[in-house]
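Only one structure is covered here, and it is reproduced in the block below.
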Amino acid sequence: ATQASSGLVAQYHFDGDANDSSGSGLNATLNNGPTFLTGRVGQAVNLSGSSQYVSMPTGIINGLTDFTVSSWVKLTALSTWARLFDFGSSTSVYMCLVPSNGSNIRFAITTGSWSAEQQINGTSPLSTGVWHHVAVTHSGNVGTLYVDGVQVGQNSSMTLSPSSLGNTSNNWIGRSQYSGDAYLNGQIDEFCIYNRALSASEILALYQIP
């Protein structure tokens, strides 16, 4: 188990299934035949980069203001605009994390399509072939992006939160709201959603699991 357990909304170990182990019963669904490989802890879900993704229940982030999304990811290949996750209802309303926007990792949230995104930009894209821990936190108007336990970006004027998005229906791991974007090609493990902003030390502890 991960050290940070208080405030868990959903926790996906991906140990051969997409069940939620947080106690919330928010089991996810595997779409188009993802497989399982050796993960960072136990097993991980493996997405092919072509049509495979995981869908989480409608409304899973409904009403959240402060939050954290934390996950391990090992990219097989890096496609610009592929999503680690994308919670939303359309190309107008979503929050997403892209391992590469062409130049760096980015978290974005919007209620007015891409042109109105509030973003946290990192300093480089995620590299392929190795496990990386990625987390985004939001507290008040401050959004922080972490890679491998270290802060890589921050935006202190983020007025949007998951509660701004309403009851989102397309809550996806590995798939974008935009149909033209690539599907994620790689493995995902220990995907967690919290109803609070984890501290920097808590994020570091998640990265330092044995």
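These numbers come from a predicted model, not from an experiment.
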The test is side chain to side chain contact (heavy atoms under 4.5 Å, CB included); show your working for Ser156 and Val142 and say whether it passes. CA-CA 4 Å; Ser156 56; Val142 180; 4.2 Å; yes
Please say yes or no: joined through hydrophobic side-chain contacts below 4.5 Å, possibly via intermediate residues, are [X] and [Y] part of one cluster?
X	Y	answer
Trp72	Val147	no
Leu184	Leu78	yes
Tyr94	Tyr183	no
Ile188	Tyr194	no
Leu8	Val69	no

All ring-ring contact (aromatic ring centres under 6.0 Å, His included) counterparts of Tyr146, not counting sequence neighbours: none
Find the distance between [atom1] ([X]) and [atom2] ([Y]) and round it off to the nearest 0.5 Å.
X	Y	atom1	atom2	answer
Ile193	Ile60	CD1	CD1	4.0 Å
Thr38	Gln187	OG1	CD	9.0 Å
Leu26	Ile61	CG	CD1	12.0 Å
Asn46	Thr35	CG	OG1	4.0 Å
Glu202	Arg196	CD	CZ	4.0 Å
Ser103	Asn121	OG	CG	7.5 Å

Have [X] and [Y] got a donor and an acceptor in their side chains that come within less than 3.5 Å?
X	Y	result
Gln154	Thr144	yes
Ser199	Ser201	yes
Asn27	Thr29	no
Arg175	Ser55	no

Between the side chain of [X] and the main-chain N/O of [Y], is any donor-acceptor distance below 3.5 Å?
X	Y	answer
Glu117	Thr110	no
Thr68	Leu198	yes
Asp189	Gly39	no
Gln118	Thr159	yes
Asn171	Phe87	no
His138	Ala197	no
Ser24	Ala10	no
Ser113	Ser115	no

Parallel, tilted or perpendicular: which describes the rings of His133 and Tyr207, with under 30° parallel and over 60° perpendicular? tilted
Parallel, tilted or perpendicular: ring planes of Phe85 versus Phe107, cut at 30 and 60 degrees: tilted
Could you check Asp20 against Tyr12 for side chain to side chain contact (heavy atoms under 4.5 Å, CB included), going step by step and ending with a plain yes or no? CA-CA 5 Å; Asp20 169 24; Tyr12 303 102; 3.9 Å; yes
Would you say the side chain of [Y] lies within less than 4.5 Å of the side chain of [X], judging by non-hydrogen atoms?
X	Y	answer
Ser169	Ser89	yes
Trp81	Asn101	yes
Pro99	Val73	no
Val54	Leu30	yes
Thr168	Asn62	no
Val45	Phe36	yes

Does NZ or CZ of Arg40 lie under 6.0 Å from the centre of the six-membered ring of Trp131, at an angle within 45° of the ring axis? no
Could you note down all residue pairs passing ring-ring contact (aromatic ring centres under 6.0 Å, His included) where residues 150-173 supplies at least one of them, sequence neighbours left out? Tyr53-Trp172
Taking only residues two or more places apart in sequence, or in another chain, which ones meet [X] in a side-chain hydrogen bond (donor to acceptor under 3.5 Å, both in side chains)?
X	result
Ser127	His132
Ser163	Ser161
Ser157	Asn155

Run the side chain to side chain contact (heavy atoms under 4.5 Å, CB included) check on Thr128 and Asn185 step by step: do they pass? CA-CA 10 Å; Thr128 59; Asn185 186 352; over 6 Å; no
List the steps and the verdict of side chain to side chain donor-acceptor pair (under 3.5 Å) for Asp15 and Gln43. CA-CA 5 Å; Asp15 290 341; Gln43 290 181 296; over 6 Å; no
Minimal non-hydrogen separation, Gly140 against Asp66, with atom names: N-OD1, 3.1 Å
Quick one: which of His13, Met56, Gln11 gives a side chain to side chain contact (heavy atoms under 4.5 Å, CB included) with Phe191? Met56
Qualifying salt bridge (Lys or Arg N to Asp or Glu O under 4.0 Å) pairs with a residue from residues 77-92, counting only residues at least two apart or across chains: Arg83-Asp86, Arg83-Asp181
